[in-house]
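Note that the numbering runs from 1 along the sequence shown for the chain.
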Amino acid sequence: MYICRSAKPTEVNGKSFLDALEQGRHLQGLYHYEFNRIYDYLKKDKKEPQESDIRILGVVVTGTAKQLQSLNGQPYLRGVTLGAIVDKY
């Protein structure tokens with residue numbers, strides 16, 4: 001899985017996900033409850049969640065038609081649904 005910020009994609013792995021989750025738990029923002037809920041769900045009865053506790057069920061990918069074309073035919077895609085197309089504003 002990749003997260004694109006600006007022009008350079010950043011690979012997201014289990015460790016970086018858990019790091020981001022931990023950072024979110026310490027923020028007192030709008031999603032503080034959700035970060036804690038996800039953290040508690042993953043850790044279950046352990047002291048803290050492990051990378052092996054993470055299961056990726058799906059991802060949301062955004063981009064231009066040209067950018068998304070590079071995903072066509074990739075073996076890791078199981079199903080694709082085009083959600084919405086909007087004109088660039």
Exercise. Using the side-chain contact (heavy atoms from CB on, under 4.5 Å) rule, take N36 and Y31 through it: C-alpha gap first, then chi angles, then the decisive distance, then the call.
Key: CA-CA 9 Å; N36 281 315; Y31 299 106; over 6 Å; no

Self-check item: Euclidean distance, H26 NE2 relative to L21 CG, rounded to 0.5 Å
Solution: 9.5 Å

Self-check item: Separation between CG of L30 and NE2 of H32, rounded to the nearest 0.5 Å
Solution: 11.5 Å

Quiz prompt | Where at least one partner belongs to residues 21-31, residue pairs that pass salt bridge (charged side-chain N to carboxylate O under 4.0 Å, His left out), sequence neighbours excluded | solution = E22-R25

Exercise. Using the rule that two of Ile, Leu, Val, Met, Phe, Trp, Tyr join whenever any of their side-chain heavy atoms come within less than 4.5 Å, decide whether Y41 and F35 are in one cluster.
Key: yes

Quiz item: Does L27 share a hydrophobic cluster with Y39, counting links as ILVMFWY side-chain heavy atoms below 4.5 Å and allowing steps through other members?
Solution: no

Exercise. Please report the closest heavy-atom contact between S70 and Q74, naming both atoms and the distance.
Key: O-NE2, 3.3 Å

Self-check item: Atom of P49, atom of L42 and distance for their closest heavy-atom approach
Solution: CB-CB, 3.6 Å

Quiz prompt | Set of salt bridge (Lys or Arg N to Asp or Glu O under 4.0 Å) partners for D19, sequence neighbours left out | solution = K15

Side-chain donor/acceptor pairs under 3.5 Å, residues 52-62, sequence neighbours excluded:
unit_1: D53; atom_1: OD1; unit_2: K46; atom_2: NZ; d: 3.0
unit_1: D53; atom_1: OD2; unit_2: K46; atom_2: NZ; d: 2.8
unit_1: D53; atom_1: OD2; unit_2: Q50; atom_2: N; d: 2.7
unit_1: R55; atom_1: NH1; unit_2: S52; atom_2: O; d: 2.7
unit_1: R55; atom_1: NH2; unit_2: S52; atom_2: O; d: 3.4

